[in-house]
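A short write-up of the structure that comes next.
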Amino acid sequence: MTELATYNFAYLDEQTKRMIRRAILKAIAIPGYQVPFASREMPMPYGWGTGGVQVTASIIGPEDVLKVIDQGADDTTNAVSIRAFFQKVANVAVTTHTKDATIIQTRHRIPEQQLEKGQVLVYQVPIPEPLRFLEPRETETRKMHALEEYGLMHVKLYEDIARHGRISTTYAYPVKVAGRYVMDPSPTPKFDNPKMHMSEALQLFGAGREKRIYAVPPYTDVVSLDFEDYPFEIQKFEQPCALCGAQGVYLDEVVLDDKGGRMFVCSDTDHCEDRREHGHAGEMLAPAKEAAE
Amino acid sequence: MTDTPLLKVSGVSKFYGSRIGCKDVSFDLWPGEVLAIVGESGSGKTTLLNCLSTRLMPTTGSVEYRMRDGNFRDLYHMSEAERRFLMRTDWGFVHQNPADGLRMTVSAGANVGERLMAVGDRHYGKIRETATDWLTRVEIGTDRIDDQPRAFSGGMRQRLQIARNLVTGPRLVFMDEPTGGLDVSVQARLLDLVRGLVNDLGLSAIVVTHDLAVARLLSHRMMVMKDGHVIEHGLTDRVLDDPREPYTQLLVSSILQV
């Protein structure tokens, strides 16, 4: 504990955590509403998850088990450094297993394994305002939220269909929360949108640079916007994961050479490893060591 | 025309500090009527228009509008939500500069469809059909439906702006110098189009212009403003053919004769 004594528990001072918790409570009380908060400087650059880290730091306790993912992976730079950060400043247990974690901080994915009651999913959000690219004025977008004027969101989807013949928005796909606020689910692929609907887990969103926190409480309606004749649909993949053979999961494309070779693997590394441990194998999985000897 | 006015304006004044924007303006507007507000630059025409269209809060006075249910409501005692809803369904506002009234970065079809989507239309095919229909009515080729307004000429943009405003079937349209910045032949076509639409749809309109020819062609009645005051008010033909106030006489006699 001597090393830890130089830091307050979970890095932030108690007054800051109190302020952020109040913002979180307000956000939970008004699902999908962006609550302004006094975002602090964090020891990482903007865009690396300063908002998510502040939310996590405010809700984490010594008994919590933390998992951090970046684009579904547990072993990428962002995930590793945030995980190490909380090990150092909060001395909490960490894990890569979705089902063991109590808090999961994520950048741009929702784990494949269904989240359970009691778990908290913390999203890192770059731009919290779904109307931003259509209406640059913050005063105007706030008014539009307040008066529930969301026609503009459909103008964007209309443009998609007019240009590409289908709704071509694939990530940060706008959703309506609890029948009231339109929300940007952060740049998760739209594949993950249905997982937000009626989720058992609490979902918190932190945007550090934009200084906004918003939330989706457990068991809340989350509906993706669409047209009657162009309904919302998620991405479909033609082949299963090349390593674990999973179907109906979100896959990453990996380029193998400069001759057009490529493979599709699970974006959620924990899910993929878990399946392989249970004996599932895809067509490109290397044979086990015993067999090679 | 019915016996009850659509818009009742009484004693509207707007002061910018000690300067007068417009002072003590009262009039009634009946359904299907087109009223022109004319005057030179700085005479308070646009201030008055903004006060009437809830874009600017008047210092004193009241503006009452007859809603579709037949009841009069004071615009400045409505909630902001109701006011904005009124503005995008029952009203239209045509800006002098089309870029102010259009979304320049989305296609013509989406510009026309925006109001439909704002009032809850969620069927792409139907929205597109309506947009196509309106583009035809304002003489824009339907092959331009997916082009952005910045690819349009000034006259086309202005016509697109009109289509965008009329798509929800408004009853009252405000126009601020609708022909400003257009060359004369395009002006003539636009005026012809607006006159046709106003007649067909039975719209009421308030048109602000400094161009007396526009007032002559479009309006039934006109008001002449000078230094924030309405100095003359009457049927268009009467005011233009038999102006009473010295200033109106000056204005009418300054029209260039070719």
Side-chain angles (χ1 to χ4, degrees), chain A residues 30 33 127 129-169 172-182 190 193 221-233, chain B residues 54-55 78-92 99-132 134-135 140 142-151 160 163-165 167-168:
Chain A
I30 317 171
Y33 172 72
I127 295 167
E129 179 52 70
L131 301 161
R132 178 60 67 240
F133 292 106
L134 300 146
E135 176 52 68
R137 288 168 294 176
E138 174 72 16
T139 49
E140 186 66 16
T141 53
R142 278 203 216 184
K143 196 166 275 178
M144 289 159 84
H145 282 294
L147 301 177
E148 231 181 318
E149 289 179 4
Y150 291 131
L152 201 52
M153 211 68 251
H154 274 86
V155 170
K156 182 181 186 296
L157 302 180
Y158 173 98
E159 279 292 280
D160 270 2
I161 303 172
R163 278 190 208 160
H164 308 289
R166 63 192 164 83
I167 298 178
S168 58
T169 304
Y173 193 102
V175 293
K176 190 167 228 183
V177 182
R180 176 60 180 84
Y181 282 96
V182 166
K190 66 179 172 183
N193 276 16
D221 275 321
V222 179
V223 181
S224 304
L225 302 181
D226 59 3
F227 284 103
E228 286 160 17
D229 45 348
Y230 285 87
F232 171 77
E233 48 190 27
Chain B
T54 73
R55 291 156 54 82
M78 288 171 139
S79 70
E80 192 174 11
E82 286 177 296
R83 222 161 36 215
R84 285 172 66 116
F85 185 74
L86 190 71
M87 282 198 78
R88 60 170 197 266
T89 53
D90 222 16
W91 288 7
D100 295 341
L102 293 172
R103 285 190 193 281
M104 298 303 276
T105 51
V106 303
S107 68
N111 262 296
V112 177
E114 180 177 346
R115 276 179 163 224
L116 296 172
M117 294 181 245
V119 295
D121 233 324
R122 294 288 178 266
H123 192 285
Y124 175 82
K126 285 180 193 157
I127 292 168
R128 200 164 167 86
E129 209 174 289
T130 315
T132 311
W134 268 99
L135 289 182
I140 295 176
T142 47
D143 56 329
R144 305 297 300 271
I145 189 168
D146 292 331
D147 290 352
Q148 293 186 359
R150 48 183 163 196
L160 179 63
R164 170 182 160 93
N165 272 290
V167 69
T168 47

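Just so we're on the same page: letters track the sequence lines, and every chain starts at 1. Predicted model, so just to flag it, every value in this text is computed and none were measured.
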| In terms of heavy-atom pairs under 4.5 Å, which option from B/Gly109, B/Ser79, B/Gly113 contacts chain A the most? | B/Gly109
| query | Considering only heavy atoms, which portion of A/Tyr230 lies under 4.5 Å from any heavy atom of chain B: side chain, backbone, both, or neither? | reply | side chain
To the nearest 0.5 Å, what is the distance between [atom1] on [X] and [atom2] on [Y]?
X        : Y        : atom1 : atom2 : value
B/Met117 : A/Leu225 : CE    : CG    : 12.5 Å
B/Arg103 : A/Leu152 : CZ    : CG    : 4.5 Å
B/Arg122 : A/Glu228 : CZ    : CD    : 9.0 Å
A/Lys143 : B/Glu80  : NZ    : CD    : 4.0 Å

| said: With a strict 4.5 Å heavy-atom criterion, list every residue of residues 83-90 of chain B that contacts chain A, or say none. | reply: B/Arg84, B/Arg88
| Toward chain A: residues of residues 142-151 of chain B with heavy atoms under 4.5 Å | B/Ile145, B/Asp146, B/Gln148
| What pairs of residues pass the salt bridge (charged side-chain N to carboxylate O under 4.0 Å, His left out) test when at least one of them lies in residues 151-164 of chain A, not counting sequence neighbours? | A/Glu159-A/Arg163
| remark: Of all heavy-atom pairs linking A/Asp229 and B/Gly125, the shortest is OD2-N, 2.6 Å
| task | Please state whether the rings of B/Tyr124 and A/Phe227 are parallel, tilted or perpendicular, taking 30° and 60° as the class boundaries. | result | perpendicular
| message | Please enumerate all residues that pass ring pair (Phe, Tyr, Trp, His ring centres under 6.0 Å) together with B/Trp134, with sequence neighbours excluded. | response | none
| Under 6.0 Å from the CD atom of A/Glu233, do we count more than 12 heavy atoms belonging to anything else shown? | no
